[in-house]
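Here the structure comes first, spelled out in C-alpha cells, and everything after it is commentary.
Only heavy atoms go into these numbers, but all of them, side chains included; no hydrogens, no water, no symmetry mates. Along the sequence shown, residues are numbered consecutively beginning with 1.
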Amino acid sequence: MAKVWNRFKRWPIQFGVALLLVGALARPAAAGTTYNVSSVAELETAIAAVNAGTGGDTIVLAPVTFAIANQLVITQDVTIQGDPVWSTVVDGGGLPSVFWLKARNVAMLNLTIQNAGSGISWDSVGIFTGTGLTITGNRNGLNAGDAEGEIFLTNSTIANNDVGILISCPSLHVTNDTVAGNGIGVRFYSTCNNLMQLTNALIVANTSDCGGNTTGFTAAGTASIDSDGSCVSRGFGPGLATVALPLVGLAPLAANGGPTLTAGIPATSAAVNAGSNSACPATDQRGFLRNDGFCDIGAFEYGASLGGGNTPASTGPVSVSPVPGVTVTFPSVVAGGDTTAITGGPAPPPGFQVDGLVYDITTTATLPIPVIMTVCLPFNAGAHNPVPHLFHFETSAIPPLPLPLPPFPRWVDRTTFTSPTDHVVCGDVSSLSPFAVLIPPDVAGQLQQLQGLIDNFNLRKPVARRFTHRLDDVRRAWFRHHRHKDTREPFCEELREFIANVQRQSRKTLTAGEAGQLLALAQLIAEEVGCGD
C-alpha cells in the first residue's frame with residue numbers, strides 16, 4: 001500500500017453534522033448514489049429518486065421491518081440490500097407484490113420479503129440477482145413471468161409460499177438455495193426453451209417439489225436433491241437425486257444466525273458434504289464460512305462458523321472481516337468476542353460524499369488499554385480526485401488530539417494508508433464506532449468553502465479582507481497550476497502562507513474554533529494536492 005502523508009500537522013475538520021434525511025430528497029440523483037433509509041417513507045422517496053435517475057444506485061435498508069402500503073415498483077437499475085448482520089424485513093401486508101421489478105438489472109441481498117401476492121415480480125428482459133434472501137408467506141415467492149432475461153438465486157431460502165418459484169421465460173440459475181415448505185417448490189409455466197439450472201439446490205418438503213410443465217426448457221441438475229421425485233421427472237437427473245425427507249432432516253425456518261431466518265440441517269443429513277465444491281459460494285446464507293472443504297447442499301452449511309465476526313484471544317495481531325471488504329486489525333486481544341459491522345450512520349460533513357457505505361463497527365472482544373487498531377474500508381474503483389479518505393465519527397476527544405480542540409461529536413480524518421490497486425483506505429484509531437470513506441469536494445470547491453467560512457465568521461471588515469486577499473493569492477496559484485499545468489509548488493507555498501497566517505491569528509483576530517475550521521480544511525487541501533510530499 002502507498003502511504004499518504006504530509007508534513008503539516010493534522011487539523012481534523014470541524015463541521016456541523018446533521019442526520020441525512022433521505023425523505024427530503026425531491027430530485028433525481030446522479031448514478032451511483034447510495035441511499036440509507038430507515039422508514040417506509042424514506043424507502044419510497046429513495047425509489048422515486050432512483051426511478052427518476054439513470055440507474056446504478058444503491059438503497060441500503062436499516063435493520064427494521066418496513067410494513068409497506070404500496071407496491072415498490074423499480075424501473076431503473078438498482079441494488080437493494082439489507083443489513084448484513086441484523087434482520088431487515090419488507091412486509092407486503094397482502095399487496096399484489098412487495099417488489100415489482102421492471103428495470104434491466106436489479107440485485108437484492110440480505111432481505112426477508114414476505115406476505116404478498118408475489119414477494120418479487122420480475123417483468124424485465126435483464127438480470128435479477130438475489131443473494132441471502134428469505135422469501136416467505138406469499139402466494140408466489142418469486143414470480144418470474146413472461147419476460148425473458150435471467151434469474152440468479154444464490155444462498156437463499158424460499159419457504160412457506162403457495163408457490164416458491166414460478167418461472168416462465170427467464171433462464172433460472174438456482175445455486176445453494178433451499179426451497180421448502182411450499183405448495184409447489186418450483187413451478188415451470190409457459191416456458192420458452194430457456195435454461196433451468198439447479199446447482200447444490202435443496203428442493204424438499206414441498207407438497208410438490210417441482211410442478212407445471214415437463215418440457216419446453218433445458219433442465220440441468222448438479223449436486224441437488226428433491227424429496228418426491230418430481231424434479232427428477234422433469235429432467236434434472238442424474239445430477240439431481242431423490243432423497244427421502246427423513247434422510248434430509250430439514251428443520252423449520254428459525255433464527256440460526258445471520259440477518260435472515262434459515263432452515264437448518266443436522267450432521268446426519270444427506271445434504272451435508274454432498275454439494276459441488278466448484279460451484280459453492282464462500283459463505284452460506286447467514287454469512288458463515290463454507291470452509292471445511294466439502295460444500296453442503298442448500299443455503300445452510302452445517303457446522304459453519306461466522307466468517308470474520310469471531311475475534312479470538314491472541315497475544316499477537318488479529319485481523320477480522322466483519323463484512324466483506326471491511327477489515328479490523330487488533331494488535332492483540334485479551335478475551336475473545338465478536339466484531340460486527342452494521343450499515344448506516346451519521347451524514348458526512350457538508351460538501352463531502354460517501355464512497356460506498358457508512359459502517360458502524362463494534363466488538364465484544366476485550367482489548368488491551370491503550371489500543372491502536374487499524375480499520376480498512378473499500379472504496380469504488382475508478383479515478384478519484386480528490387483521493388478518498390477514511391473518516392471516523394468520534395463522540396469525544398481521542399488521541400492524537402487536535403489543537404485547539406473542536407466540538408464533538410464529529411467526523412475526524414484518520415487516514416494513514418490508501419491502495420489504489422486494492423481499492424482500500426486504512427486508518428489508525430483507538431476506538432470503534434461509525435467509519436466511512438469520504439470524498440471531499442474538488443480543490444476549487446474547497447477553496448470556495450474556505451471563503452464561505454471567512455464570510456460567515458463575525459470578523460471585522462479589515463480582518464476579513466486580509467484573509468480574503470491571502471486566499472485570493474491561493475486561488476490564483478491553484479488556477480495557474482490546474483489550468484496551465486504549472487508546478488504545484490507555488491500553490492503549496494501560497495497555501496502554507498495562508499495556514500501560517502491563520503495559526504498566527506488564532507485566539508487573536510480569530511477564535512480558536514474559527515481557526516480550527518480554517519486549518520482543518522486547508523490542511524486537507526494540502527494533503528490532497530500533495531504539498532507535503
Side-chain angles (χ1 to χ4, degrees), residues 92 96-101 108 113-125 128-130 133-154 156-222 224-237 239-243 245 248 250 253 263 297-299:
S97 298
V98 176
F99 291 100
W100 186 3
L101 307 181
M108 293 185 178
I113 303 169
Q114 64 186 32
N115 298 337
S118 294
I120 298 173
S121 293
W122 174 250
D123 192 12
S124 173
V125 297
F128 172 74
T129 304
L133 306 179
T134 291
I135 306 176
T136 185
N138 306 283
R139 187 166 65 251
N140 299 304
L142 170 63
N143 183 354
D146 294 332
E148 295 189 6
E150 294 191 87
I151 304 292
F152 292 86
L153 281 178
T154 304
S156 295
T157 299
I158 318 295
N160 304 333
N161 306 279
D162 291 347
V163 176
I165 300 172
L166 176 63
I167 189 79
S168 293
C169 279
S171 294
L172 177 67
H173 308 270
V174 170
T175 304
N176 281 96
D177 297 305
T178 298
V179 183
N182 305 285
I184 300 176
V186 183
R187 185 184 181 194
F188 304 98
Y189 182 78
S190 298
T191 50
C192 44
N193 297 316
N194 283 352
L195 174 65
M196 305 296 174
Q197 188 173 44
L198 306 179
T199 305
N200 294 347
L202 190 61
I203 306 176
V204 299
N206 304 284
T207 303
S208 176
D209 292 332
C210 289
N213 293 347
T214 58
T215 60
F217 59 89
T218 299
T222 302
S224 297
I225 290 175
D226 74 6
S227 57
D228 66 0
S230 60
C231 299
V232 171
S233 70
R234 283 165 174 77
F236 288 95
L240 185 149
T242 299
V243 176
L245 191 57
V248 176
L250 190 70
L253 282 181
I297 295 174

T178 vs L250 side-chain heavy atoms within contact, under 4.5 Å: yes
Could you tell me if the side chain of F99 sits less than 4.5 Å from the side chain of I113, heavy atoms only? yes
Using side-chain heavy atoms (C-beta onward) and a distance below 4.5 Å, is L101 in contact with M108? yes
Nearest 0.5 Å, please: how far is CG in N182 from CG in N206? 4.5 Å
Got more than 12 heavy atoms from elsewhere within 6.0 Å of CZ, F152? yes
Please check if any side-chain donor atom of S230 sits under 3.5 Å from a side-chain acceptor atom of D228, or the reverse. yes
Working to the nearest 0.5 angstrom, can you tell me the gap between S208 OG and R187 CZ? 10.5 Å
Taking C-beta and beyond as the side chain, do D162 and N140 meet within less than 4.5 Å on heavy atoms? no
Got I158 and D177 here, is their nearest side-chain heavy-atom distance under 4.5 Å? no
Mind checking the CD1-CG spacing from I165 to L142? Nearest 0.5 Å is all I need. 6.0 Å
What pair of heavy atoms forms the shortest contact from V232 to D226, and how long is it? N-OD2, 3.3 Å
About how many Å separate OG1 of T222 and CG of N200, when rounded to the nearest 0.5 Å? 8.0 Å
Considering only heavy atoms from C-beta outward, does the side chain of I120 approach that of L133 to under 4.5 Å? yes
Shortest non-hydrogen pair, S97 vs A116, comes out as C-CB, 4.0 Å
Rounded at 0.5 Å granularity, tell me how far CG in L166 sits from CZ in R139. 10.5 Å
Considering non-hydrogen atoms only, spot the tightest contact between A201 and V174 and give its length. CB-CG1, 3.8 Å
Selection residues 171-207 - residue pairs positive for disulfide bond (SG atoms under 2.5 Å apart), sequence neighbours left out: C169-C192
Is there a side chain to side chain contact (heavy atoms under 4.5 Å, CB included) between W100 and D123? Walk through the geometry before answering. CA-CA 7 Å; W100 186 3; D123 192 12; 3.7 Å; yes
Between W122 and F128, what is the ring plane arrangement, given parallel below 30°, perpendicular above 60°, and tilted in between? tilted
Could you report the tightest heavy-atom contact between A219 and R234, atom names first, then the distance? CB-O, 3.7 Å
Dump the intermediate steps for side chain to side chain contact (heavy atoms under 4.5 Å, CB included) on D209 and V186, then the final yes or no. CA-CA 6 Å; D209 292 332; V186 183; over 6 Å; no
Which atom pair, heavy atoms only, marks the closest approach of N176 to G298? ND2-O, 3.1 Å
Could you give me the CA-CA distance, side-chain angles and deciding distance for I135 and T157, then say whether side chain to side chain contact (heavy atoms under 4.5 Å, CB included) is met? CA-CA 6 Å; I135 306 176; T157 299; over 6 Å; no
Spacing of CD1 belonging to I203 relative to CD1 belonging to I184, to within rounding of 0.5 Å: 12.5 Å
Just wondering, do S224 and L202 contact through their side chains at under 4.5 Å, heavy atoms? no
With a 4.5 Å heavy-atom cut-off, do S171 and E150 have their side chains touching? yes
Minimum-distance pair of heavy atoms, taken over all atoms of T242 and S227: CG2-C, 4.0 Å
We want to know whether N161 and T136 form a side-chain donor-acceptor pair, criterion being a heavy-atom distance below 3.5 angstrom. no
